[in-house]
Structures are given as structure tokens and as C-alpha cells.
Visitor: 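Below are the C-alpha cells for one structure; questions will follow.
Keep in mind that what you see is a predicted model, and the values were worked out from it rather than measured.
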Amino acid sequence: MIEVIPAIDLIDGKCVRLSQGDYDRCTDYNLSPEDMAKRFADHGLTRIHVVDLDGAKASSPRNLHTLEQIARINGVTAEWGGGIKTGQALKDVFNAGATYAIIGSIAAREPQLMTEWLQTYGGEKLILGADVRNGKVAVSGWLEETADTIDDLLARFIPSGLSQAICTDISKDGMLEGPAFGMYTRLQEAFPDVVFTVSGGISSIGDIERLDALGMRRVITGKAIYEGHLTLKELQRYAR
């Protein structure tokens, strides 16, 4: 059964959501990240996707205190992305309580450093974050596009132990129009040893059921929860 991973995106320590990665199209839900994480955990959704949008812009983590608060909640494991550009930042994220670290910009821009981190921490702790716009990977909080495709990055890092990847179709993110089903099934078929997490566009329980039927193993959902298109009660059956 597919694993549902609820999302918390942070700006100034608050829960927000962007539409298509645009910082100018930001919704502030005026919710405490710690309270949301506890609500998720109370419904059995204990693996939580946390993105430091301030950190992604600033190129270093900016909301580690919030991570510390979330990580203290009983049973919660946090996967953290945003601002991890140096070895020290990666250590800081793990020291603040993250179980997994999502590496995006560095993987595209400094592949040798990503390779070194995979060799140091292992593929069970590091997750490739590949956010795609027009077929190309975007970095720095989705503000810049690179020349790489997600296939390029996967092929580059699998020999070093990469085993997990979160792929977001930026055009779908926050739009509540359904995910890019075709992209994910193609990737899973092309790279069967990688556990892919679907990210972007989840609009209803029907989307999750379809992904489950297609054999996808993980899915992130955020805006659909915050705006009432999905209930935590509906998602409880996917708890691990």
C-alpha cells in the first residue's frame, strides 16, 4: 500500500503553500507547524515532509528551531529540505532532529559533493529532491532551471547508493489538478530500484487511490489537506 506523507512548508516559522513554486503566490494558513505535525501523527501519518522555503531562498537552513519542535513529537520522523548547501548545513539538519535530508540544488550543481554525502550518510538517509519544470530540474527554491533532467540525476547517483527520490512536477504543485501520473509511472519503470515519492497536484483521495493502483510507493500531499479536499480520517488507512 502507498505511504502518504503530509507536507509542512515553512516561511517565517509558519505553515504556507506556494502555487507552482511562486513565492508571490503564497497562502499563509496561520497554523502552527508543531500543531499540524501532532495532528498528522495522531492520525498515524508519522513521516512528515518539511520544506524550509526561507532556507531554499537563503541557501542555508532558516527554520531549524521549528524542525527541533517537530522532531520532539512522539513517533514523528521528519524529512527536511531547503537550504542544504554545505556539509555543515547537512549536519545541522540532522542534529536538529531530521531523520532524512532532501538534497536538490547541490545534486544538480555540485554532483561530486552529493556523491561524497551519499558515501558518508548512505542512501537510506539522503533523498534526491528533483523538482521539474518543462522537463528540466529547477533549483534554488524553484527559481532557476538547470540543464539536467531527472533521468540525468538518477543515472548519476544510483551507482553511489541513491535509493530514494522525491520528484515534483512544478506545474502541478499547489494547483489541485491531479499529479503527473505518466511521469511517475515512467520513472518507476525506468529505475525500479529507486523508491519514488509523488509530489505535486494531489487533489482528492481518488488521486491517491489511483497512484496506489499504479504501484507507486509514496506520495506527498499538502494543500489538499489544508484546504479540505482531503481529510486526515480519509488518510488514516494509509498510515504506517
Side-chain angles (χ1 to χ4, degrees), residues 1-7 18 20-21 47 49 51 56 79-82 84 100-111 114-115 117-118 121-142 144-224 238 240:
M1 182 179 290
I2 197 169
E3 180 178 10
V4 173
I5 305 172
L18 306 183
Q20 296 181 319
R47 179 167 176 155
H49 179 78
V51 178
E79 55 181 43
W80 175 275
I84 303 175
Y100 313 97
I102 304 161
I103 312 299
S105 298
I106 287 297
R109 289 179 164 163
E110 298 184 51
M114 176 65 168
T115 297
W117 288 353
L118 280 166
Y121 293 97
E124 68 277 4
K125 291 188 70 71
L126 296 188
I127 304 170
L128 174 66
D131 304 323
V132 180
R133 182 191 287 119
N134 301 322
K136 301 295 185 181
V137 172
V139 296
S140 298
W142 301 349
E144 302 173 36
E145 287 183 11
T146 71
D148 286 315
T149 66
I150 183 172
D151 298 66
D152 294 331
L153 297 188
L154 290 164
R156 188 175 297 151
F157 298 120
I158 286 172
S160 299
L162 180 74
S163 62
Q164 305 178 75
I166 297 170
C167 182
T168 303
D169 182 335
I170 296 171
S171 70
K172 299 285 188 180
D173 190 72
M175 301 308 291
L176 300 173
E177 296 174 348
F181 293 102
M183 178 178 72
Y184 296 113
T185 53
R186 181 191 70 77
L187 287 170
Q188 193 69 82
E189 290 171 3
F191 302 95
D193 294 332
V194 175
V195 177
F196 287 97
T197 300
V198 174
S199 173
I202 298 299
S203 63
S204 68
I205 196 68
D207 288 336
I208 294 174
E209 291 169 344
R210 182 176 171 189
L211 290 166
D212 191 24
L214 289 169
M216 299 307 300
R217 288 178 268 184
R218 293 177 186 154
V219 59
I220 292 168
T221 181
K223 191 171 186 177
Y238 296 104
R240 293 293 178 92

Visitor: Does E3 have any side-chain contact (heavy atoms from CB on, under 4.5 Å) partners at least two apart in sequence or in another chain, and if so, which?
Guide: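 With sequence neighbours excluded, E3 shows a side-chain contact (heavy atoms from CB on, under 4.5 Å) to I5, R47, R218, R240, given in chain and number order.
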Visitor: Can you give me the closest heavy-atom contact between R133 and E145, atom names plus distance?
Guide: CD-OE2, 3.0 Å
Visitor: Quick one: do R186 and D151 make a salt bridge, cutoff under 4.0 Å?
Guide: yes
Visitor: How long is the span from the CE atom in M216 to the OG1 atom in T197, to the nearest 0.5 Å?
Guide: 8.0 Å
Visitor: Check for a donor-acceptor pair, side chain of Q188 on one end and backbone N or O of V194 on the other, with a separation under 3.5 Å.
Guide: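 Yes, because the side chain of Q188 sits within donor-acceptor range (under 3.5 Å) of the backbone of V194.
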Visitor: Decide yes or no on side-chain contact (heavy atoms from CB on, under 4.5 Å) for L154 and L162, but give the supporting numbers first.
Guide: CA-CA 8 Å; L154 290 164; L162 180 74; 3.9 Å; yes
Visitor: Take W117 and I84, measure what side-chain contact (heavy atoms from CB on, under 4.5 Å) needs, and give me the verdict at the end.
Guide: CA-CA 11 Å; W117 288 353; I84 303 175; 4.1 Å; yes
Visitor: Would you call F181 and T185 a side-chain contact if the rule is heavy atoms closer than 4.5 Å?
Guide: no
Visitor: When rounded to the nearest 0.5 angstrom, what distance separates CG in D131 from OG in S199?
Guide: 7.0 Å
Visitor: Taking atom CD1 of I202 and atom CG of L211, what is their separation to the nearest 0.5 Å?
Guide: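 Atom-to-atom, I202:CD1 and L211:CG are 5.0 Å apart.
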Visitor: Find out whether Y100 and L126 are in side-chain contact, i.e. whether some heavy atom of one side chain is under 4.5 Å from a heavy atom of the other.
Guide: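 Y100 does not reach L126 side chain to side chain.
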Visitor: Given side chains that start at C-beta, do those of K136 and T149 come closer than 4.5 Å, heavy atoms only?
Guide: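 Yes. Closest side-chain heavy atoms under 4.5 Å.
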Visitor: Taking side chain as C-beta onward, heavy atoms only, is L128 less than 4.5 Å from I166?
Guide: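 With C-beta onward as the side chain, the pair stays apart.
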Visitor: Would you name the heavy atoms of A7 and G222 that are closest together and state the gap between them?
Guide: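 Nearest heavy atoms, A7 then G222: CB-CA, 4.1 Å.
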Visitor: Of the non-hydrogen atoms in D207 and G201, which two are nearest, and what is the gap between them?
Guide: OD2-O, 3.9 Å
Visitor: Might you work through the side-chain contact (heavy atoms from CB on, under 4.5 Å) test for E209 and L214, ending with a clear yes or no?
Guide: CA-CA 9 Å; E209 291 169 344; L214 289 169; over 6 Å; no
Visitor: Got a second to check how far S105's OG is from M114's CE, nearest 0.5 Å?
Guide: 11.5 Å
Visitor: Check whether any side-chain heavy atom of V4 sits under 4.5 Å from a side-chain heavy atom of T221, and report yes or no.
Guide: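 The answer is yes, as the side chains (C-beta and beyond) meet within the 4.5 Å cut-off.
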Visitor: Is the shortest side-chain heavy-atom distance between S163 and E124 below 4.5 Å?
Guide: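 S163 vs E124: side chains apart.
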Visitor: What I'd like to find out is whether the side chain of I103 reaches to under 4.5 Å of the side chain of I127, using heavy atoms alone.
Guide: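 Contact flag for I103/I127 side chains = no.
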Visitor: Can you sort out the partners of T146 under side-chain contact (heavy atoms from CB on, under 4.5 Å), two or more places apart, ordered by chain and number?
Guide: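 Partners of T146 under the side-chain contact (heavy atoms from CB on, under 4.5 Å) test: A108, V137, V139, D148.
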Visitor: How close do S203 and E177 get, counting heavy atoms only, and between which atoms?
Guide: CB-N, 4.2 Å
Visitor: Checking side-chain contact (heavy atoms from CB on, under 4.5 Å) for the pair V198/C167: CA distance, chi angles, key distance, verdict?
Guide: CA-CA 6 Å; V198 174; C167 182; over 6 Å; no
Visitor: Which pair of heavy atoms, one from Y184 and one from P179, lies closest together, and at what distance?
Guide: CE1-CB, 4.2 Å
Visitor: On the six-membered ring of F196, is R217 placed so that its NZ or CZ lies under 6.0 angstrom from the centre and within 45° of the ring axis?
Guide: no
Visitor: Looking at A147 and D152, what are the two nearest heavy atoms and their distance?
Guide: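 Nearest pair, atom of A147 first, then D152: O-OD2, 4.3 Å.
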Visitor: Is H49 close to I102 at the side-chain level, that is, under 4.5 Å between some pair of heavy atoms?
Guide: yes
